[in-house]
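This report concerns only the one structure given below.
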Number of protein chains: 2
Amino acid sequence: MIYLGILEDDAEIRQTLTEYFSRQPGFTCAVSKGDVVSFMEAWDEQVKLDMVLSDIGLPGESGIQGIQRIKRRSPRCQVVMLTVYDDPEKIFQALCAGATGYLLKQTPLQKIREGLISLRDGGAPMSPGVARKVVAYFNPRSAEDLEEKLTPREAQILQAIEEGLTNKETAIRLDISLETVKTHIKNIYQKLEVNSRHALISGKYKKQP
Amino acid sequence: MIYLGILEDDAEIRQTLTEYFSRQPGFTCAVSKGDVVSFMEAWDEQVKLDMVLSDIGLPGESGIQGIQRIKRRSPRCQVVMLTVYDDPEKIFQALCAGATGYLLKQTPLQKIREGLISLRDGGAPMSPGVARKVVAYFNPRSAEDLEEKLTPREAQILQAIEEGLTNKETAIRLDISLETVKTHIKNIYQKLEVNSRHALISGKYKKQP
DNA sequence: GTATCTCTCCCTCTTTTGGGGGAGGAAATT
DNA sequence: AATTTCCTCCCCCAAAAGAGGGAGAGATAC
C-alpha cells in the first residue's frame with residue numbers, strides 16, 4: 001500500500017487527484033491540502049507518508065520549500081512535483097531540494113499513477129521533456145553553442161579548467177606558456193561574462209534554453 | 001519514419017533488435033553492426049540516422065567512445081545506450097559523452113520501442129533505476145551522509161563554497177573572520193581528502209554508491 | 001595593401017587560495 | 001578533573017588566480 005500526500009492549491013484539481021487515488025487499489029490518500037503549512041499540520045505524527053504529489057505554485061510557501069519541510073520531517077518520504085512549470089530553473093530547483101520526480105500537469109491520471117508506482121519500485125518519474133532537460137544537463141554543450149563564442153583554442157582551455165586543472169597544468173597539457181593560458185582565460189571570461197573559474201566549473205554561464 | 005542504427009556485439013541480440021525494428025511500422029533499421037569501427041564504415045554518407053541504440057561493452061572501442069564518433073559525424077543523431085551496466089560511473093560517462101537515453105538490457109522490446117518514440121518526441125528514455133540515479137545526482141547529499149564527517153559549521157562553509165563564494169564573501173555571510181573560514185576549509189579538505197575548492201564545486205568528493 | 005582574428009608571450013600588480021603552525025574559550029564526554 | 005570536539009582567531013609564507021597593459025607572427029578577409 002502506498003500512502004500518498006497531495007499538495008495542490010487548485011481545489012478542483014486537488015479533488016480530482018484525491019478522489020482518483022482514493023479509488024485506486026494499493027493507494028491511500030492520507031493527506032490532501034492546498035498549502036504547505038496546512039499540509040504539515042494535517043500530517044499527523046502517526047501517519048507515515050510514502051510519497052507526496054506536490055504543486056509548485058502554492059499560496060504562501062512554494063512547493064520547492066515544501067520539499068525541504070517534508071524531507072526534514074520524513075527523509076524517506078519521496079516528493080514528486082506536479083506542475084505547469086517546465087523551465088529548467090524550476091526543475092533543477094526542485095531536484096536540488098530533494099524531489100525524486102517531476103511531472104507536468106498535463107500528465108493523464110493513469111500516467112501519474114504509473115509514475116508513483118515506478119517511484120516506489122526505485123524509479124524517478126519524469127515527463128519526457130523534463131527528462132530531456134535533465135539529461136541535457138550532462139550532455140556536452142554542443143559544439144555549435146560554444147563555437148559561436150569561443151575559438152577552438154579557448155574551448156580546449158575551458159575544457160581543462162572544467163576538469164579542475166590549474167593554469168600551470170593546463171599550460172603543460174597544451175604545451176604553451178602559463179602566460180598564454182592566462183591570456184586565453186581572460187578572453188574566455190570576457191566572452192562568457194564571468195570572472196572566476198568557479199563560474200566555469202559550476203557551469204553558471206551555460207545557457208539552458 | 002525513424003531511421004535507426006544498432007550497435008551491439010552479441011549477434012543474437014543484434015539480430016533480435018534488427019528484426020524487431022525492421023518489422024515495426026515507422027522504423028527503418030539502416031545500420032546494424034557489432035563494433036564502432038564497422039558501424040561508422042557501414043554508415044553510408046547518404047544515410048541519415050535519427051538515432052542509434054548502442055551497447056557499451058563492445059570489442060575494440062567502447063560504446064561511450066562510439067557516442068562521440070557518432071556525434072561528430074552527425075550531432076543531431078541521438079544515441080541511446082542499451083546495456084547491462086547500471087552503475088553510476090557508466091551512466092554519467094555516457095550522458096556526459098552525449099547520450100540522450102539509457103536503457104538496461106532487461107528492457108522488453110516494446111518498452112525500447114516506446115523509449116525511442118519518446119526520444120523522437122523530445123523525451124529522454126531511461127530505465128527507472130537509471131532515472132533515479134540521475135535525479136539523485138541533484139538531490140542534496142543526505143544530511144546523514146555528511147554529518148558523519150563534517151560539523152554543522154563546516155557544512156555551512158562547504159555550502160558557501162559550492163555556491164561559488166570566495167573566502168571573504170563566506171566570512172561576511174557567516175559573520176566570522178576570514179581566518180576562521182580558512183581554518184574550516186583546511187579541516188574540510190582534510191576530511192574530504194581533497195585540496196582545492198574546485199574539487200568541492202565539481203563534487204569530486206561525493207560518494208556515488 | 002589594410003584590417004581583423006587567432007594564438008602566442010611578456011610585464012606589473014593586487015587579491016585569493018592553500019598549507020603550516022599555534023591558541024583560547026565553550027561545551028560535552030569520559 | 002581531564003579529554004575531546006568544535007568554533008573562533010592569529011601568525012607566517014608560497015603558490016595561484018585575476019586584471020591591466022602591450023606586442024609579434026600567421027592566417028584570412030576586405
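Since this is a predicted model, take the numbers as computed values, not measurements. Letters go in sequence order (proteins before strands), and every chain restarts at 1.
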Between atom [atom1] in [X] and atom [atom2] in [N], what is the gap in whole Å?
X: A:Leu178; N: C:dC10; atom1: CG; atom2: C1'; value: 11 Å
X: B:Glu169; N: D:dG18; atom1: CD; atom2: P; value: 13 Å
X: B:Ile185; N: D:dC10; atom1: CD1; atom2: C1'; value: 16 Å
X: A:Asn195; N: D:dA17; atom1: CG; atom2: C1'; value: 11 Å
X: B:Ile176; N: C:dA26; atom1: CD1; atom2: C1'; value: 16 Å
X: B:Asn187; N: C:dG22; atom1: CG; atom2: P; value: 14 Å
X: B:Ile188; N: C:dT17; atom1: CD1; atom2: P; value: 13 Å
X: B:Lys168; N: D:dA17; atom1: NZ; atom2: P; value: 18 Å

Under the 3.5 angstrom rule, does the side chain of A:Ser127 hit a backbone N or O of A:Gly129 as a donor-acceptor pair?
no

Does [X] put a side-chain nitrogen or oxygen below 4.0 Å from OP1 or OP2 of [N]?
X: A:Asn167; N: D:dA17; answer: yes
X: A:Ser196; N: D:dA17; answer: no
X: B:Thr180; N: D:dC9; answer: yes

Against the side chain of B:Arg197, the closest entry in D:dA19, C:dC9, C:dG18 is C:dG18

Closest to the B:Tyr189 side chain: D:dA17, D:dC7, C:dG19?
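The nucleotide sitting nearest to the side chain is C:dG19.
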
Base, sugar-phosphate, or nothing: which does [X] touch, judged by heavy atoms less than 4.0 Å apart?
X: A:Lys186; result: base
X: B:Thr183; result: base
X: B:Lys182; result: base
X: B:Ser177; result: sugar-phosphate
X: A:Thr166; result: sugar-phosphate

Checking only heavy atoms, does the side chain of A:Glu179 share a donor-acceptor pair with the base of C:dC11 at less than 3.5 Å?
yes

Supply the atom-to-atom distance A:Gln93 CD to A:Ile56 CD1, rounded to the nearest 0.5 angstrom.
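That separation rounds to 8.0 Å.
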
Does A:Lys48 NZ have over 12 foreign heavy atoms under 6.0 Å away?
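Result for NZ/A:Lys48: enclosed.
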
Hey, is OH on B:Tyr189 packed in by over 12 heavy atoms from elsewhere, all under 6.0 Å?
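Enclosed: over 12 neighbouring heavy atoms sit under 6.0 Å from OH of B:Tyr189.
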
Nearest-nucleotide check on DNA chain D, A:Gln190 vs A:Leu165; residue mapping nearer the 5' end is A:Leu165

Does a side-chain heavy-atom distance below 4.5 Å link B:Val134 with B:Tyr102?
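No. Closest side-chain heavy atoms not under 4.5 Å.
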
